[in-house]
Amino acid sequence: MCSVIIKTNLYREFILASQELSQFVGLLEQHRQLKRISAPVSPELEITEICDRVCKGSPESNRALFFEKPAGYDIPVLINAFGCEERMALALGVSQLEELNQRLGQLIDLRLPGGVGQAVGRGREILGALLSAGLRPRKVRKAPVQEVVHKEGAALDFLPILKCWPKDGGKFITLPQVVTRNPRSGVRNVGMYRLQVVDSQTLLVHWQRHKGGAEHERQAKAFRQEKIPAAVVLGGDPACIWCASAPMPPEIDEYLLAGFLGGAPIEFVNCVSQPLEVPAKADIVIEGYVDLADYRAEGPFGDHTGYYTPVELFPAFHVTAITQRKSPIYPATVVGIPPMEDYWMGKATERFFLPLIRIFMPEVLDIHMPAEGVFHNLVLVRMQKRFPGHAHKVIHGLWGLGLLMLAKCIVVVDEWVDVQNLSQAAWQALGNVDWNRDILVSQGPVDQLDHASYQPSFGGKIGIDATAKLPEEGYSRQWPEVVAMTPEVKQHISDLWKDLGL
Ligand SMILES: Cc1cc2nc3c(=O)[nH]c(=O)nc-3n(C[C@H](O)[C@H](O)[C@H](O)COP(=O)(O)O)c2cc1C
């Protein structure tokens, strides 16, 4: 993990003024977090191999990579830009990711003086109002992302799109912001959904069934609408890139979150061929429509589960225009066997959304989704237990909250346990459990990428109550005390320590 010492305020001013990827590259360079590579490396497999080694290498070698001239292309590729805590924090204008938790937490306290009671049941509207207060989106007529406009015959061929793994079904755009509007309400959704290249003017959009884009697809079908106007935004403000991956409640525009983090509204410009607006300071925008009369086989794709996800039908995206800066940067990521860059994007999500979970469940003190659990496979929860069955209430509650419905294994521990410390959490999770009594086996929705469930998207789940048990829970013995030294002896030995030569 990279160490985090950043002059936050200075940085924030810098990034607010910019909302630009090229300036973020400069900032990473200033912080010795970026390596420029001038060798002509191929976007086909070679960039992946370099990126994978860097992600899994020493903290010193884990840098963002800027491929100045990928073989066969004129546009540089930026990859692993969010691949450690320091870079992810720099991208979001905080000194460390924990600050995300505090920022939203403070805002909730400030704007909801009536306490959490009034928030329950209205979480969605409240979140929208909190994020958008004072941050009305700004529209501009002239935008850097429209310095160059390709309309008729616009083709994807000039973009250095990666083929990530040998058995991938083709090239994939891996770090996009896919913009659509809800056909009924008109509210914007921004999602990070990979897109497979079929030919120069056709992509396939892999929005999974639990995601905002797929909901727009369902609603469009209900309205007998065959085309969904869409835009694939690449680059721009790093906060905009990240927010596409943030599981905002439906009907809240993710760009509000990017504006909130930057402390300034995002500037938008009208698309040139679709009835949509996109961030004016993006690097590249691929405009088009998702064609609900045209489904094709997407995949396989080497995914963040560490396995190839199989071929499935997804709708085609037909390109109607491409707009770009004169000198754009093509942003990309590679997912695969963890840990990789997406772990840090998920870590930022985990920190940012903790206060929201606490609106509904204030007894939840912390959560941790370790890299090995690939987001949904393992959620560790630290809670303040107050009554019999309380841990079970938390497990059921989390399974009912947003995308946490996809969590396969939830482990709940007591409030003194640090769930960010995997060794401590494992010690508690293994030692405090009577496997006959302290587990909840259930079933429900699982991630569309889950390969273990016997049916797609529906499978088994487990909740593990690793808290100290109460007499009312049927535990008739005395719960043991954790071993600890007396403070007096600790102090005495600390005073002696330097003379002991240890
Ligand atoms: C690097 C990366 C790639 C992702 N790729 C996909 C994808 O291809 N399809 C998908 O449905 N979700 C994908 N996700 C997760 C979604 O971006 C995430 O669930 C997000 O909340 C979706 O936005 P939505 O809530 O507006 O649907 C990816 C996340 C990351 C960090």
Side-chain angles (χ1 to χ4, degrees), residues 48 51 55 78-83 88 91-92 124 127-128 162 164 168-169 172-182 187-196 203-219 228 230 232-234 238 240-258 290 298-305 308-310 312 314-315 317 331-336 338-350 352-353 356 369 371 374-376 401-407 445-450 456-457:
T48 298
C51 186
C55 284
L78 175 68
I79 198 161
N80 203 25
F82 302 134
M88 191 67 251
L92 301 183
R124 238 184 240 177
L127 180 64
L162 270 50
C164 297
D168 281 1
F172 286 83
I173 297 175
T174 52
L175 206 65
Q177 304 152 52
V178 178
V179 176
T180 50
R181 283 194 181 279
N182 183 318
V187 173
R188 177 172 35 224
N189 184 72
V190 191
M192 184 165 287
Y193 315 123
R194 71 176 185 240
L195 298 114
Q196 181 173 349
L203 298 163
L204 300 175
V205 56
H206 178 99
W207 51 40
Q208 294 152 11
R209 60 189 351 144
H210 306 110
K211 308 300 170 70
E215 178 56 21
H216 290 185
E217 178 185 338
R218 282 187 289 271
Q219 300 226 9
I228 304 177
V232 178
V233 178
L234 298 169
C240 286
I241 301 179
W242 169 78
C243 81
S245 75
M248 294 294 278
E251 298 298 286
I252 298 187
D253 179 355
E254 280 80 1
Y255 285 140
L256 280 179
L257 174 55
V290 176
E298 193 259 10
F301 179 70
D303 224 313
H304 71 168
T305 55
Y308 284 100
T309 46
E312 248 187 288
F314 280 94
F317 173 107
T333 190
V334 173
V335 294
M340 298 203 81
E341 180 178 10
D342 62 325
Y343 168 70
W344 291 105
M345 298 175 73
K347 193 73 193 161
T349 300
E350 177 198 291
F352 185 78
F353 282 87
L356 283 183
M369 300 186 196
V374 189
F375 304 111
H376 302 118
L401 204 59
L403 281 185
L404 281 168
M405 69 174 157
L406 304 178
V446 296
D447 193 85
Q448 196 164 341
L449 300 182
D450 188 279
S457 308

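Counting starts at 1 for both ligands and their atoms, in listed order. What you see below is based on every heavy atom in this structure, not just the backbone, and it leaves out hydrogens, waters and symmetry mates.
The atoms of ligand 1 that sit less than 4.0 Å from any heavy atom of A246 are 21 (O). Listed by number with element, the atoms of ligand 1 under 4.0 angstrom from any heavy atom of G191 are 23 (O). Using a 4.0 Å cut-off to heavy atoms of T333, the atoms of ligand 1 that qualify are 1 (C).
In terms of protein heavy-atom proximity, atom 20 (C) of ligand 1 is nearest to S245 O, 3.5 Å. When hydrogens are left out, the protein atom nearest atom 9 (N) of ligand 1 is H206 O, 2.7 Å; that is the closest non-hydrogen contact.
Residues in residues 205-216 take part in these salt bridge (charged side-chain N to carboxylate O under 4.0 Å, His left out) pairs, two or more places apart or across chains: E215-R218.
The distance criterion of under 3.5 Å between nitrogen or oxygen atoms is met by N189 with respect to ligand 1. By the 3.5 Å distance cut-off applied to N or O atoms, V335 is not counted among the residues near ligand 1. Among the atoms of Y193, some N or O lies under 3.5 angstrom from an N or O of ligand 1. Ligand 1 has a nitrogen or oxygen under 3.5 angstrom from a nitrogen or oxygen of G212.
Here the closest non-hydrogen pair linking M345 and L175 is CE-CD1, 4.1 Å. Nearest heavy atom pair, residue I173 against residue L234, reads CG2-CD2, 3.7 Å. Pairing each heavy atom of Y193 with each of V205, the nearest pair is CB-CG2, 4.2 Å.
Ligand 1 lies less than 4.0 angstrom from a heavy atom belonging to L403. In this structure, E254 has a heavy atom closer than 4.0 Å to ligand 1. Distances from ligand 1 to the non-hydrogen atoms of G346 include no value under 4.0 Å.
To the nearest 0.5 Å, atom CD1 of residue I228 and atom NE2 of residue H216 are 8.0 Å apart. If you take CD on E341 and CD1 on I79, they are separated by 7.0 Å, rounding to the nearest 0.5 Å. The distance from atom CG of D303 to atom CZ of R194, rounded to the nearest 0.5 Å, is 5.0 Å.
Remark: the backbone N or O of A332 is not paired with any side-chain donor or acceptor of T174 at under 3.5 angstrom.
Residue-level proximity to ligand 1 for A214 is absent, since no heavy atom of it falls below 4.0 angstrom. Under 4.0 Å from ligand 1, the heavy atoms of A244 that appear belong solely to its backbone.
Taking K347 as the reference, E350 meet the salt bridge (Lys or Arg N to Asp or Glu O under 4.0 Å) condition, with sequence neighbours excluded.
When the options H376, Q177, M192, Q208 are ranked by their closest heavy atom to atom 14 (N) of ligand 1, first place goes to M192. With K211, H210, R194, R188 as candidates, the residue nearest to atom 12 (N) of ligand 1 on a non-hydrogen basis is K211.
The aromatic ring centroids of H206 and F172 lie 6.0 Å or more from each other.
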